[in-house]
Amino acid sequence: MSKPLSKHFVVCVQNEGYSASLEKRKNVALRDRAAEKHGQLRVIDASGDDYLYPKAFFRSIALPQSIKKAVLAAA
């Protein structure tokens with residue numbers, strides 16, 4: 001059984017070709033080392049599902065633990 005993917009926060013800075021599913025300034029990514037080796041990020045998009053998108057479309061952000069917990073609880 002594979003281990004669940006951990007979540008980290010990213011900000012979408014480009015959504016060319018994906019404007020219906022990627023909203024700029026939003027998104028949560030799932031750690032997927034295999035995808036990252038190919039320049040992709042596994043992102044939970046506007047549909048609530050996770051898909052692979054170009055890593056260059058995002059920037060990682062760090063949140064204080066209390067805010068991270070609140071954001072994940074609200075999702």
(message) Would Tyr51 and Tyr18 count as a side-chain contact (heavy atoms from CB on, under 4.5 Å) here? Give the steps.
(response) CA-CA 11 Å; Tyr51 296 97; Tyr18 301 98; over 6 Å; no
(message) Under a 3.5 Å distance rule, please check whether Asn15 uses its side chain to pair with a backbone N or O of Leu22 as donor and acceptor.
(response)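 Yes; judged by distance alone, with no hydrogens or angles, the pair exists.
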Shortest non-hydrogen contact from [X] toward [Y]:
| X | Y | answer |
| --- | --- | --- |
| Ser60 | His8 | OG-CD2, 4.3 Å |
| Lys7 | Ile44 | CE-CD1, 4.2 Å |
| Asp32 | Arg42 | OD2-NE, 2.7 Å |

(message) For Asp50, run the side chain to side chain contact (heavy atoms under 4.5 Å, CB included) check against Leu30, Val43, Leu41 and tell me which one passes.
(response)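 In the set Leu30, Val43, Leu41, the residue that makes a side chain to side chain contact (heavy atoms under 4.5 Å, CB included) with Asp50 is Leu30.
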(request) Kindly compute the distance separating CD (Gln65) from NZ (Lys69), expressed to the nearest 0.5 Å. (result)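 So the gap between those two atoms works out to 5.5 Å.
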(message) Evaluate Leu52 against His38 for side-chain contact (heavy atoms from CB on, under 4.5 Å), listing each step before the verdict.
(response) CA-CA 10 Å; Leu52 293 176; His38 297 283; over 6 Å; no
(request) Using the side chain to side chain donor-acceptor pair (under 3.5 Å) rule, take Asp45 and Tyr53 through it: C-alpha gap first, then chi angles, then the decisive distance, then the call. (result) CA-CA 10 Å; Asp45 66 13; Tyr53 293 100; 2.6 Å; yes
(request) Group every Ile, Leu, Val, Met, Phe, Trp and Tyr by side-chain heavy-atom contacts under 4.5 Å, then state whether Phe58 and Val28 land in the same group. (result)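 No: no chain of side-chain contacts under 4.5 Å links Phe58 to Val28.
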